[in-house]
Structure formats: structure tokens, C-alpha cells
Amino acid sequence: MSDQFSKKDEAWSARFSEPVSDLVKRYTASVFFDHRLAEVDIQGSLAHAEMLAHQKIISAQDYADIQRGMAHLQSEIATGQFEWLLDLEDVHLNIEKRLTELVGDAGKRLHTGRSRNDQVATDIRLYLRSAIDDIVGLLKQLQWALLDLAEKHTHTIMPGFTHMQVAQPVTFGHHMLAYVEMFNRDTERMRDCRKRVNRLPLGAAALAGTTFPIDRQRVARTLGFEEVCQNSLDAVSDRDFAIEFCAAGALIMTHVSRLSEELVIWMSPRVGFIDIADRFCTGSSIMPQKKNPDVPELARGKTGRVNGHLMALLTLMKGQPLAYNKDNQEDKEPLFDTVDTLIDTLRIFADMAGGISVKAEPMRAAALQGYATATDLADYLVKKGLPFRDAHEAVAMAVRACEQKSCDLSELPIAALQEFSPLIDEEVYSVLTLEGSVAARHHLGGTAPAQVSEAIKIARARLK
Ligand code: ARG
């Protein structure tokens, strides 16, 4: 990034009698970070120029020159030869200046009927639309990976928790499907957000529209926008679509973070439910025995940063009067970082899901520890005619007795169980087993292995 000041480089220089100080220049410039919009900026400019030519606002020759110049410029950017200048403030002015160097007056005509205000709003929307498509693709990959993991474990029993206390047995497959549902809703949210991102601001110019006979629908079609922003003031000023995207992104990270929290707990040697492949873990520089689940821990941590970006954008917007204000330049870094964080996180998690090995024995042993089939015993008594509250009470007493004897409900002899209710007979042992308990929850959304297999099929079909 060049630091030298050159007055002729400034797009508005004629109006000013003294140069901007270096500090202010640095403070107001965005080219350090917005140069990553170069590709979409060029795409937007070419669509705009094509329309100008079609409407005879510029000549066919001007358009051809602009196309040629842009192609050259694109290759300079791709090969790292393009020199981004701080003096030229942002990506838009840098590109326009270079274009003019390359093709002369045609470059200077490109900005006819346009402002950087509608230009930047268009760029962000194009950038975000493609980011959303990438994110939706990665959410799909993650769901596939979780479904593969679920399928391997439709019969693997683990304790299901409420309040972090053993509640009822569930299958590991069922547990994974809970996350598939979350990521499926995340996909829906992203797709829905895309509809509002995919609208064209160009034509709004600085704020009020333009005096040239432009054709906004034509530009929208060229750029693949589904609609045109209906009000010029709104088009250049609001960033609600970006806020919405960050909100949807924050929810994705929240779901990833919940999964991460579980992975960290499950991998603790105290719990020992899973192992995560070495390539996703690191060691300790001082404790040779350590294998740390760094990836889920970092994902949990990065969730905070994405939540922060959402707050940043909401706060950025809340005080802005119509129409465009320079505040909006601050939308980019939070947005870019949200996209980068989401893409890296989802990519790694889709890969890591395949690197999770489940330790069925410790899971089963843990499910046996907490009287996880107590509800099954209560349901059994209800089916024999006892009102649910009485059944609940009878089973609570049985659990207390087990606690004193340090045994499981299924280990009490029949005579001991019958002390809590005469309705109990030998068949009770089939409901007291973990397998009996999960298999009995045989309805849509339940944890029975047969239901889990069905749910996997449905979720796979949804992903096609
Ligand atoms: N770099 C600016 C932004 O990100 C582009 C628009 C500037 N417009 C202006 N009138 N200063 O928002």
C-alpha cells in the first residue's frame, strides 16, 4: 500500500484548498480491507456500463474500451500486480483510476449515473450472495457428515440429559439428528435471507436517483438480482440485509458452539464418550499426556466474535438518518470476518464429524448409572391402570431404595419391586432395560432405532 500523497489522485480534489492529513487519510480509507470486493465491483461496473451503452448514454466504443480495460485490470489483480493506493481511499476509486489510466476517457465515463453509494451497496450484496451460497453448501456437507455418523449409531445407547443430569436413555444417532435439525433450519434462514440480499441498489446513485435514462431492470437481470430496490434513499443507506445475515450466522455459530461444548465434555477423560481424530487436536507444551480438543474449543470461542459482529452492525445502523452515511463503511470488516469465520468453521466441522469415534461401552455404562429407565417404570404402571402421579411416586420410592442398596432398578428382585406396587410382574424387566426403553419411544421424532433410521432417510432426501 503506497503512502505517498498525490493531490491529482483524489476524485473530489478540485473542491478542496488543502490536502487531507495523512492521519485522516488513513482513518477514512477502506482500501486495506475493501479491496476484496474487487471482483464484484468489476462485475457491477461491467453490468452498469453495458446498460449505459444499451441506453446510448455512453457509446458502444466506450463500453468496449471499458470491457478491455477491466479484463486487463482483472488479470493485474489476479497476478498481484495491481497496486492498491491508500490515496485513492477505497476499492472503487482505485479501480476507476486504473481503468482510466488504461483506457482514457471511457474510464471516466463509467461513473455516469452512478455513485459510490449505490455501487458499494451493490458490491456487498453480490459478495454476500455468493458467500451465502458457499455457506449453504457447507451446511449441507456438515449435515451429510452428521447423518453418516448418526447412521453408524442408530443403536448406540447413551444417557440423555436434562440439567446435565442423566434423564432417559437415547441413541447417539438420535442425538446427532438433533444437530441436523438445527443446521437444517440454519440453511432455511440463510436461503430466506438471500432473497432480501438479492436486490439491486444500483440506479439509486448518491441518494435520489439519476437524471440519465437508465434501465435498472436490465442491470438486475445481468447481475442475477431477483428484484430491484424500490426506493433510492433506502437502497443506498440500509444494511439490514447484512444484519440479517449476521444474525443467521450467529445462530449457526451458536449451534456449532453447543455441539462443541458437548464434544469437549464427551472427550474429557472423566466422561470418555468419544475420541476426536488427532488431526483436530493439539498437545500441551508442558504436559506430555495431553490431547486437547482445540477445534471445538476455538469454535465455541469464535461464536463470541460472530455475536459481536452482529451487535456491531446493529449499533452501526441504529443512529443513521437517511440516506448514506460514511458510518456504513464500517460494515465491511465485521461482515467479512463473519463470512470467513463461518466458512472455516463449517468446513472444519464437516470434516471433523468423520473423525469422531464413539466409545459405546462408556456411554452405555453412564446410561445405566442414573436410573435412566425410571420413567419407563412409571409408564409401565400407568399402562396397568395406576394414575401417573401415583406411578411417579411409587417409582421415586423404588429409586430411593436402589440408592440405598447402590443398585439399578433392573437389579431389584421382583419381590422387592412389588413392594412399591402390586401391579408389577416379571415382564417389568423388559421395560427396565436400556434397549427396551429406547425401542419403546417409537413415534415420529422419538429415539427408537427404527425411528432414527427413518429420520435419517427423510433428512437425506431433504438435502438432495
Ligand atoms: N468506501 C465507501 C463505503 O464503504 C464507499 C462509499 C463512499 N461514498 C461516499 N460518498 N463517501 O461505504
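When a ligand or atom number is given, it counts from 1 through the structure's own listing order. When a residue number appears, it is its place in the shown sequence, counting from 1. None of the values given here were measured: they were computed from a predicted structure.
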Among H92, E89, E96, side-chain hydrogen bond (donor to acceptor under 3.5 Å, both in side chains) partner for R116: E89

If only atom types and distance count, is the side chain of D65 paired as donor or acceptor with the main-chain N or O of V103 below 3.5 Å? no

A student checking ligand 1 against K332 at a 4.0 Å heavy-atom cut-off should list atoms 3 (C), 4 (O), 12 (O)

Tell me: protein heavy atom nearest atom 11 (N) of ligand 1, and distance? R116 NH2, 3.6 Å

In terms of atom number and element, which parts of ligand 1 are under 4.0 angstrom from non-hydrogen atoms of S30? 1 (N)

Side chains of R194 and M190: closer than 4.5 Å at any heavy-atom pair? no

Can you confirm whether the side chains of D41 and Q119 place a donor and an acceptor under 3.5 Å from each other? yes

Do ligand 1 and N328 have nitrogen or oxygen atoms that lie under 3.5 Å from each other? no

Close N or O approach (E89, ligand 1; < 3.5 Å): no

Please verify whether a non-hydrogen atom of Q119 lies at under 4.0 Å from ligand 1. no

Is the distance between the ring centroids of F172 and F273 under 6.0 Å? no

Axial cation check for F241 ring with R125, 6.0 Å and 45° limits: yes

Select the closest option to atom 5 (C) of ligand 1 among D327, D90, N117, judged by heavy-atom distance. D90

Just by distance, do the side chain of S237 and the backbone of L322 share a donor-acceptor pair under 3.5 Å? no

Ranked by distance from atom 3 (C) of ligand 1, the top protein heavy atom is Y324 OH, 3.2 Å

Below the 3.5 angstrom mark, is there an N/O of H92, backbone or side chain, next to an N/O of ligand 1? no

With a 4.0 Å cut-off, would you call D331 and R239 a salt bridge? yes

Look at atom 2 (C) of ligand 1 and say which protein heavy atom is nearest, naming residue and atom and giving the distance to 0.1 Å. Q329 OE1, 3.3 Å

I'd like to check whether R239 has a polar contact with ligand 1, where a contact means an N/O of the residue lying under 3.5 Å from an N/O of the ligand. no

